[in-house]
Amino acid sequence: MQNKPMNLEAPLADERDLPHLAGVGASLRQVFAAHFLRGCEHVLEIGGHIRPVTNYLTHHPRSVT
């Protein structure tokens, strides 16, 4: 898993009109979530179809499902 540079203002990949998931706040939420997951060996992604937390992880968990 590689850490990718984050564009916090990136539009949704599929161009859907979901403003609450398209702004800086949604990306910052994922940054905070990844911070609190940093000690977890296994990560279960729930509802991350647009902006998955895996792009924001700074550690290398054994599994991400």
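All residue numbers refer to positions in the sequence shown, counting from 1. Not measured: the values here are computed from a predicted model.
The salt bridge (Lys or Arg N to Asp or Glu O under 4.0 Å) analysis of residues 23-38, with sequence neighbours excluded, yields no pairs.
Residues satisfying the salt bridge (charged side-chain N to carboxylate O under 4.0 Å, His left out) criterion with R62, sequence neighbours excluded, are E41. A search for side chain to side chain contact (heavy atoms under 4.5 Å, CB included) contacts involving L44 returns I46, T65, not counting sequence neighbours.
Annotation: the span from Q30 atom CD to L37 atom CG amounts to 9.5 Å, rounded to 0.5 Å.
Of all heavy-atom pairs spanning C40 and P61, the tightest one is O-CB, 3.9 Å. Residue S63 comes nearest to H42 through the heavy atom pair OG-ND1, 2.7 Å, listed as atom of the first residue, atom of the second, then distance.
Contact of the E45 side chain with the V53 side chain is registered, since non-hydrogen atoms from C-beta on lie closer than 4.5 Å. Y56 has its side chain within reach of R51: a pair of non-hydrogen atoms, C-beta onward, lies under 4.5 Å apart.
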